[in-house]
There are 2 protein chains.
Amino acid sequence: MQSTDAKTGKQPAKIAGGFNCINDFLSEHGIKPTRQRVAIATHIFETEQHLSADTILERVNDDATTTNVSKATVYNTLKLFVREGILKEVALDPQRILFDTNTHHHHHVLNLDNGDIRDIQPVSINLSEIEGLQQHHNISDVDLIIKVRDNKD
Amino acid sequence: MQSTDAKTGKQPAKIAGGFNCINDFLSEHGIKPTRQRVAIATHIFETEQHLSADTILERVNDDATTTNVSKATVYNTLKLFVREGILKEVALDPQRILFDTNTHHHHHVLNLDNGDIRDIQPVSINLSEIEGLQQHHNISDVDLIIKVRDNKD
DNA sequence: ATGTCTGCAAAAAATTTGCAGTCCC
DNA sequence: GGGACTGCAAATTTTTTGCAGACAT
C-alpha cells in the first residue's frame with residue numbers, strides 16, 4: 001500500500017531494527033507516522049497485548065533504540081490510536097484500565113490471583129432475557145469480563 | 001436491630017431529616033457511623049443509584065443540612081464502604097468509574113446516547129463455550145455491560 | 001508566509017498517604 | 001494516659017490543555 005510513498009514520493013525515516021512496516025500500518029490507518037508514534041506503536045504491537053499507559057511510557061523510554069517521549073505524548077497518542085481504531089481501551093477493573101491491541105469483538109478472562117488476562121471468543125448471550133431492550137435500542141457493544149480465581153483443590 | 005444503642009446505651013446524634021436508620025445500617029455492617037460517613041451514606045443511598053466520587057462530594061457539600069467533607073474523606077469512605085460490602089465499584093467505561101448501591105449480582109445496560117444506566121438481572125451465559133476454564137478455575141465474578149444506542153428509525 | 005498539525009511543559013484532576021487530632025477504654 | 005481509629009492537608013499519580021515550534025504547501 002505504501003501510502004506515504006505514493007503521496008510524497010519519498011521514503012519515511014528508517015525505524016530502529018529495520019521495521020518500517022509499522023510506518024505503513026500507521027499510514028494505512030490515516031495516522032502520520034512520526035518518530036514518537038512509531039516508537040509507541042512498535043512497543044505496543046510487538047510485546048504483550050494488554051498494557052497500561054505508564055507501562056508503555058516506561059518501555060518506550062527504556063529502549064535506547066527508539067525516541068524518548070513524554071507522558072503527555074503517550075496519552076495523546078494512545079487516545080489517537082483508539083480514535084483511529086487500531087487500539088481498544090478496556091476497563092477490566094476500576095483499578096486496571098488497559099489498552100488492547102485486539103480490536104475485534106471479544107471478551108476477557110481475568111485471573112484475580114495472578115493478574116493474567118486471556119482473550120476469549122464472543123459468547124452467545126440470550127438478549128431476549130433482557131426486558132425492554134430490542135424495541136428501543138441498537139446494541140453497540142457487549143463488554144464481558146469473567147473474573148476467576150485459581151482452584152485451590 | 002439498633003446495634004449502636006445496644007452497645008453503648010446511648011442514642012447516636014440525630015441525622016438531618018430524622019433518619020437515624022442510616023446509622024444503624026452502617027453499624028450493622030461494622031462501620032462506625034461518624035458524621036462524615038453518615039453524610040456520605042445519606043446522599044448515596046437516598047438519591048440515584050450510580051454515582052461518581054466527585055458527584056458525591058458535590059452533593060454532600062451542597063447540602064447545608066449535612067456536614068461538609070473533604071475530597072480525601074469521600075474517597076476513603078467510598079473505599080471503606082466497598083471493602084465492607086455495602087457498595088460496589090463498577091468500571092462501566094474507561095471514562096466512567098461509578099459506585100453502585102446495588103451489591104447483588106447484576107449487570108448493566110449503558111445508553112451511550114444519554115448516559116443512562118439500567119440494572120438488569122444476571123443473564124445466563126453458557127460458560128462451557130469458553131475453552132479451558134472450568135477445569136482450573138473458580139468463577140468469582142462475571143461483569144457484563146451492554147452498550148446501546150437509541151434506535152434512529 | 002501561512003494555515004495545520006505535533007509534542008510536550010505546565011495545569012488540572014483524580015487518588016493516596018501520613019499524620020495531627022479524637023475517641024474510647 | 002495509651003492504643004486504635006478518623007478526617008483531611010499535602011503529596012503523588014493520572015490525565016488534559018494550551019501553545020511553541022515543525023511541517024507541508
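Here is the naming used below: chain letters follow the sequence lines, and residue numbers restart at 1 for every chain. Every value quoted in this text rests on a predicted model; they were computed, and no experiment measured them.
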In terms of side-chain heavy atoms, does B/His108 have a donor or acceptor partner in B/Asp100 at a distance below 3.5 Å?
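Distance-only check passes for B/His108 and B/Asp100.
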
Rounded to whole angstrom units, what separation is found between the [atom1] atom of [X] and the [atom2] atom of [N]?
{"X": "A/Asn61", "N": "C/dC8", "atom1": "CG", "atom2": "P", "value": "9 Å"}
{"X": "B/Glu58", "N": "C/dA14", "atom1": "CD", "atom2": "C1'", "value": "15 Å"}
{"X": "B/Glu89", "N": "C/dT16", "atom1": "CD", "atom2": "C1'", "value": "14 Å"}
{"X": "B/Gln36", "N": "C/dC23", "atom1": "CD", "atom2": "C1'", "value": "13 Å"}
{"X": "B/Leu78", "N": "D/dT6", "atom1": "CG", "atom2": "P", "value": "15 Å"}
{"X": "A/Leu57", "N": "C/dA9", "atom1": "CG", "atom2": "P", "value": "12 Å"}
{"X": "A/Ile31", "N": "C/dC5", "atom1": "CD1", "atom2": "C1'", "value": "14 Å"}
{"X": "A/Phe81", "N": "C/dT6", "atom1": "CZ", "atom2": "P", "value": "11 Å"}

With a 4.0 Å limit, can you tell me whether A/Arg37 has a side-chain N or O closer than that to the phosphate oxygens OP1/OP2 of C/dG7?
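Answer yes for this pair, as a side-chain N or O of A/Arg37 is under 4.0 Å from OP1 or OP2.
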
Every protein N/O within reach of nucleotides 14-17 of chain D N/O, cut-off under 3.5 Å:
unit_1: D/dT15; atom_1: OP2; unit_2: A/Tyr75; atom_2: OH; d: 2.3

From C-beta outward on A/Ser70, which listed nucleotide comes closest to its side chain: C/dG7, C/dC8, D/dT6?
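For A/Ser70, the side-chain atoms sit closest to C/dC8.
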
Hey, do the aromatic rings of A/Phe81 and A/Phe99 have their centres closer than 6.0 Å?
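When the ring centroids of A/Phe81 and A/Phe99 are compared, they turn out to be at least 6.0 Å apart.
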
Using ring pair (Phe, Tyr, Trp, His ring centres under 6.0 Å) as the criterion, list what pairs up with A/His105, not counting sequence neighbours.
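If we apply the ring pair (Phe, Tyr, Trp, His ring centres under 6.0 Å) test to A/His105, skipping adjacent residues, the hits are A/His107.
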
Please check if atom CD in B/Gln49 has more than 12 non-hydrogen atoms from other residues, nucleotides or ligands closer than 6.0 Å.
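Yes.
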
Got a donor-acceptor contact below 3.5 angstrom from the A/Asp93 side chain to the B/Ala91 backbone?
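Checking the backbone N and O of B/Ala91 against the side chain of A/Asp93, no donor-acceptor pair under 3.5 Å is found.
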
Quick check: does any side chain N or O of B/Arg37 sit under 3.5 Å from a backbone N or O of B/Leu26, one acting as donor and the other as acceptor?
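No, B/Arg37 side chain to B/Leu26 backbone: no donor-acceptor pair under 3.5 Å.
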
Would you classify A/Thr34 as touching base, sugar-phosphate or nothing, given that sugar-phosphate means primed atoms plus P, OP1 and OP2, and contacts are heavy atoms under 4.0 Å?
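Answer is sugar-phosphate: A/Thr34 comes under 4.0 Å of backbone atoms only.
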
Interatomic distance, A/Lys79 atom NZ to A/Glu84 atom CD [nearest 0.5 angstrom]:
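If we round to the nearest 0.5 Å, A/Lys79:NZ and A/Glu84:CD are 13.0 Å apart.
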
